[in-house]
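Everything on this sheet refers to the single structure shown next.
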Amino acid sequence: MSEIVTRFAPSPTGYLHIGGARTALFNWLFARGRGGKFLLRIEDTDRERSTPEATAAILKGLTWLGLDWDGDVVSQFDGKDRHAEVAHEMLARGTAYKCFSTQAEIEAFREAEKARGVSYPVFLSPWRDADPATYPDAPYVIRMKAPRTGQTVIDDKVQGKVVIQNPTLDDMIVLRSDGTPVYMLAVVVDDHDMGVTHVIRGDDHLNNAARQQMVYDAMGWKVPVWAHIPLIHGPDGKKLSKRHGAVGLEEYQAMGYPAAAMRNYLARLGWAHGDAEFFGDTEAKEWFSLEGIGRAPARLDFKKLENLSGQHIAATADADLLPEILAFFGAAKLPEPSQPQKDGLVRALFSVKERAKTFTELIEKAHFVLTSRPISMDEKAAKSLDPVSRSILSELTPQLQSVSWERDKLESVVAGVAEAHVMGLGKVAGPLRAALAGRAVTPSVFDMMLVLGREETLARLKDLAD
RNA sequence: GGCCCGUUCGUCUAUCGGUUAGGACACCAGGUUUUCAACCUGGGAAGAGGGGUUCGACUCCCCUACGGGCUGCCA
């Protein structure tokens, strides 16, 4: 058994689409789990729509997602001479021919057929079997001489055997009149030349596979294993589009989802391994198989993503979490934290990582170490600091001055004050929370005091008294 | 229009002819609780519809409905 080679081949027409990211992930998991290679090729043969910025965005997205590719990024456009060469080889083999029909002629043919009630006009070029002696001195395209009868069977690992009737397919153009290759030819040539053994891609290419398989056959090349995966839909079940919100992968990073959670979630979208829900790369690589891919399109479910995200944040070691959080600041276009803020974050991490579902939530809860005196109060915090509460806090202050700065000691001091006023701990914790963080949603007040230290804690309480 | 693909709880899915159709997220109720989150207990919730095949169909076949894809000298 030879080595497995997969590839991801996006068009550089914008950002990295979330569906594309999943396709890339599947290819990556399949190759990496079997000691194979995962290649990256940019399908930039459409010069008008391809931009270097888009290519950069795709590489950036893949890098963030943690999908590393083997070798250099291949530009499909760079292979245009090779593609043309193959087209001419097909010509020489008699599996392709020059077609001098103009676009206007073809258009007119389609119009006429439709007017006659033919719903799907198949253009049959008059040049298919023409005598070269009759060739005019005019621009021409090279068309593949596709089989006119019989059927083409795509043996797909996800969709099963898909049968296409050959007469429904016209002789597709492989080389345009300006000598540039068409995508359908370029993919096949590139996949063959790159040694791709498994083509895992969106099922919008399922029909294309038939024509591509014809090219493989025409050139006498080995057909790769096909696996056409269903597309991802929006939460409403419709095709994913911008109105659904996040379609670009970078938006997910900006929303504060860790890459590991994205990999986990995306892997489970349209693929399953029994009841496994929460897992890391090691398991995913080991478990991933083409057989486990579902046949129906899956919808995006942000609630589930969020849940997985929270689990991953909680399960990640502090040391690994920090660089990700710092990268998040950049992705979310937040000002880079200062050194003291970073230090505070490190000390506070234990108190926030298990209660944050995203990095956005995490830094919101870590606000108490990111802010500095005087603490500004949000509305809810200000509301909890009524005169009664303030006076209770002022009673607390002297006791905190002398207590040993340990969690259980702090707890008993605060509980003691609450008891003295015949109230629950919550009645004291609320205002205390506000005093320390200026917010109503924070980690445990005791954790905050521990992180802040005696001096800062007292200073924040004292600010309130003034 | 034609061709191709799909259809299990609200969502992601398990099941690969014989199960009380399982899990996860979400939701509801209760518990725990210093806020949030987490956690514990319990609950409601599914095989699109119709025909076959079979001793027996969510699983196999056909039809319908619905959804998606393709139908370019785009990728």
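By convention in this document, chain letters (A, B, ...) are assigned in the order of the sequence lines, proteins followed by strands, and residues within each chain are numbered from 1. Hydrogens, waters and symmetry mates play no part in the numbers below; they use all other heavy atoms, side chains included.
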- Between B:C70, B:U34, B:C25, which one does the side chain of A:Asn207 approach most closely? B:C70
- Measure the distance from NZ on A:Lys98 to C1' on B:C73 and round it to the nearest whole Å. 17 Å
- Query: Considering heavy-atom distances to RNA chain B, does A:Ser444 or A:Ala272 have its closest nucleotide positioned more toward the 5' end?
  - Reply: A:Ala272
- Task: Whole angstrom is fine here: how far is it from CG in A:Asp178 over to C1' in B:C73?
- Result: 8 Å
- On a plain distance test, is the side chain of A:Arg407 in donor-acceptor contact with the base of B:U34 below 3.5 Å? yes
- What nucleic acid atoms does A:Arg295 come within less than 4.0 Å of, heavy atoms only: base, sugar-phosphate, or nothing? sugar-phosphate
- For the pair A:Glu111 and A:Lys114, find out whether any cationic side-chain nitrogen is under 4.0 Å from an anionic carboxylate oxygen. no
- Name the nucleic acid region contacted by A:Asn208, choosing base, sugar-phosphate or nothing; use a 4.0 angstrom heavy-atom cut-off, strictly under. base
- Message: Whole angstroms only, please: what is the CG-P distance between A:Leu206 and B:U71?
- Response: 12 Å
- So what does A:Thr45 hit on the nucleic acid, given a heavy-atom distance under 4.0 Å: a base, only sugar-phosphate, or nothing? sugar-phosphate
- Whole-Å distance between B:C12 P and A:His273 NE2? 21 Å
- Task: Say whether, by atom type as modelled, one donor and one acceptor occur between the side chain of A:Arg439 and the main chain of A:Ala381 under 3.5 angstrom.
- Result: no
- Item | A:Arg355, nearest nucleotide to its side chain (from B:U35, B:C12, B:C5) | B:U35
- Query: At under 4.0 Å between heavy atoms, what does A:Gln103 touch on the DNA or RNA strands: base, sugar-phosphate, or nothing?
  - Reply: base
- Message: Which nucleotide, if any, forms a Watson-Crick or G-U wobble pair with B:G44, using both distances under 3.5 Å?
- Response: none
- Name the nucleic acid region contacted by A:Arg299, choosing base, sugar-phosphate or nothing; use a 4.0 angstrom heavy-atom cut-off, strictly under. sugar-phosphate
- At under 4.0 Å between heavy atoms, what does A:Pro235 touch on the DNA or RNA strands: base, sugar-phosphate, or nothing? nothing
- Sorted by position of nearest nucleotide on RNA chain B, 5' first, the leading residue of A:Ile106 and A:Val445 is A:Val445
- Message: For B:U20, give the paired nucleotide (Watson-Crick: N1-N3 plus N6-O4 or O6-N4; G-U: N1-O2 and O6-N3; both under 3.5 Å), or none.
- Response: none
- Kindly point out which of B:G6, B:C73, B:U35 is positioned nearest to the side chain of A:Gln159? B:G6
- Note on the structure: note: A:Met184, atom CE; B:G72, atom P; distance rounded to Å ~ 10 Å
- Hey, are the side chains of A:Phe77 and A:Lys80 touching, using non-hydrogen atoms and a 4.5 Å cut-off? yes
- Query: Say you pick atom C1' in B:C9 and the same atom in B:C5; how far apart are they, in whole Å?
  - Reply: 24 Å
- Answer for the Watson-Crick or wobble partner of B:G67, both distances under 3.5 Å, is B:C5
- Message: For a quick check of understanding: with a heavy-atom distance under 4.0 Å over all strands, which category does A:Glu277 fall into, base, sugar-phosphate or nothing?
- Response: base
- Within-4.5 Å side-chain heavy-atom neighbours: A:Val417 and A:Ile392: yes
- Query: Quick check: does any side chain N or O of A:Arg390 sit under 3.5 Å from a backbone N or O of A:Leu385, one acting as donor and the other as acceptor?
  - Reply: yes
- Item | A:His233 NE2 - B:C66 P separation (whole Å) | 17 Å
- P spacing across the pair B:A21 / B:G44, given as an integer number of angstrom: 14 Å
- Name the closest nucleotide to the A:Lys357 side chain, picking from B:C5, B:C25, B:A37. B:A37
- Classify the nucleic acid contact of A:Ser177 as base, sugar-phosphate or nothing, counting any heavy atom under 4.0 Å across all strands shown. base
- Task: With C1' as the reference atom in both, quote the distance from B:A48 to B:C66 in angstrom, rounded to an integer.
- Result: 8 Å
- Query: What integer number of Å spans the C1' atoms of B:U15 and B:C60?
  - Reply: 16 Å
- Message: Tell me whether A:Glu419 at atom CD has more than 12 heavy atoms from other residues, nucleotides or ligands lying less than 6.0 Å away.
- Response: no
- Message: Over all strands shown, is A:Lys365 touching base, sugar-phosphate only, or nothing at heavy-atom distances under 4.0 angstrom?
- Response: base
- Separation of A:Arg268 atom CZ from B:U11 atom P, in whole Å? 15 Å
- Query: With both distances under 3.5 angstrom, what nucleotide forms a Watson-Crick or G-U wobble pair with B:C25?
  - Reply: B:G10
- Item | Spacing of the C1' atoms in B:C55 and B:C70 (rounded, Å) | 44 Å
- Query: Nearest of B:C70, B:G6, B:C25 to any side-chain atom of A:Asp204?
  - Reply: B:C70
- Please check if the side chain of A:Trp405 supplies one atom and the backbone of A:Met449 the other of a donor-acceptor pair under 3.5 Å. yes
- Message: Categorize A:Ser101 for me: base, sugar-phosphate, or nothing, with a 4.0 angstrom heavy-atom threshold over every strand shown.
- Response: base
- Separation of A:Leu231 atom CG from B:C12 atom P, in whole Å? 14 Å
- Check every strand shown and say whether A:Val352 touches a base, only sugar-phosphate, or nothing at a heavy-atom separation below 4.0 Å. nothing
- Ignoring hydrogens and angles, are the base of B:C25 and the side chain of A:Lys303 linked by a donor-acceptor pair under 3.5 Å? no
- Message: I'd like to check A:Ile58 versus A:Tyr15 (side-chain heavy atoms, cut-off strictly below 4.5 Å). Are they in contact?
- Response: no
- Message: With a 3.5 Å cut-off and heavy atoms only, can you find an N or O donor on one side and an acceptor on the other between the side chain of A:Asp275 and the base of B:G22?
- Response: yes
- Are side-chain heavy atoms of A:Leu305 and A:Met262 found at a separation under 4.5 Å? yes
- Item | Pairwise P distance for B:C73 and B:U59, with rounding to whole Å | 42 Å
- Message: What contact category does A:Phe278 fall into here, base, sugar-phosphate, or nothing, at under 4.0 angstrom with non-hydrogen atoms?
- Response: nothing
- Message: Please classify the nucleic acid contact of A:Val162 as base, sugar-phosphate, or nothing, using heavy-atom distances under 4.0 Å.
- Response: sugar-phosphate
- Rounded C1' spacing from B:A57 to B:A45 in Å: 23 Å
- Could you check whether A:His205 gets within reach of a base, just the sugar-phosphate, or nothing at all, counting any heavy atom under 4.0 Å? base
- Message: If I pick the C1' atom on B:A38 and the same atom on B:C25, what distance separates them, to the nearest angstrom?
- Response: 16 Å
- Item | Pair assignment for B:C39, Watson-Crick or G-U wobble, requiring both distances under 3.5 Å | B:G31
